[in-house]
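Note sheet for the following structure.
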Amino acid sequence: LCQIINLHNHLDNPIILCNSTMSSRKQIKLIKQINKALKNPHLYNDEELITLKQKRAKFLDLQRRFNLEQQGGFGN
């Protein structure tokens, strides 16, 4: 499983970081949480926004690869 690390920025907003070895459901949940956080960019500094966007891209890629693997090479 994954150990979620909750960091907080200067306004005490959580930044969620996680390993890539987690279930697809948890990845989807984290993507939704990151998207929600990115709707309020004024709450985060530039470095935190970069980290959030990188993690979102990573989880989206992992989700795409998981779908390809589960569907025998046919993605959706």
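- Hydrophobic clustering (ILVMFWY, side-chain heavy atoms < 4.5 Å, transitive): Ile28 and Leu62 are in distinct clusters.
- With rounding to the nearest 0.5 angstrom, the CD atom of Gln33 is 11.0 Å from the CG atom of Leu52.
- Partners of Lys53 under the side-chain contact (heavy atoms from CB on, under 4.5 Å) rule, at least two apart in sequence or in another chain, are Leu38, Arg56.
- Applying the side-chain contact (heavy atoms from CB on, under 4.5 Å) test to Gln54 and every residue at least two apart in sequence or in another chain returns Ile50.
- Atoms OG1 and CG, on Thr51 and Asp46 in that order, are 10.5 Å from each other to the nearest 0.5 Å.
- Between Asn45 and Leu49 there is no side-chain heavy-atom pair separated by less than 4.5 Å.
- The side-chain contact (heavy atoms from CB on, under 4.5 Å) test applied to Asn40 returns His42, Leu43, not counting sequence neighbours.
- Rounded to the nearest 0.5 angstrom, Phe59 CZ and Ile31 CD1 are separated by 7.5 Å.
- The existence of a salt bridge linking Lys58 and Asp61 is excluded, since no basic side-chain nitrogen approaches an acidic carboxylate oxygen closer than 4.0 Å.
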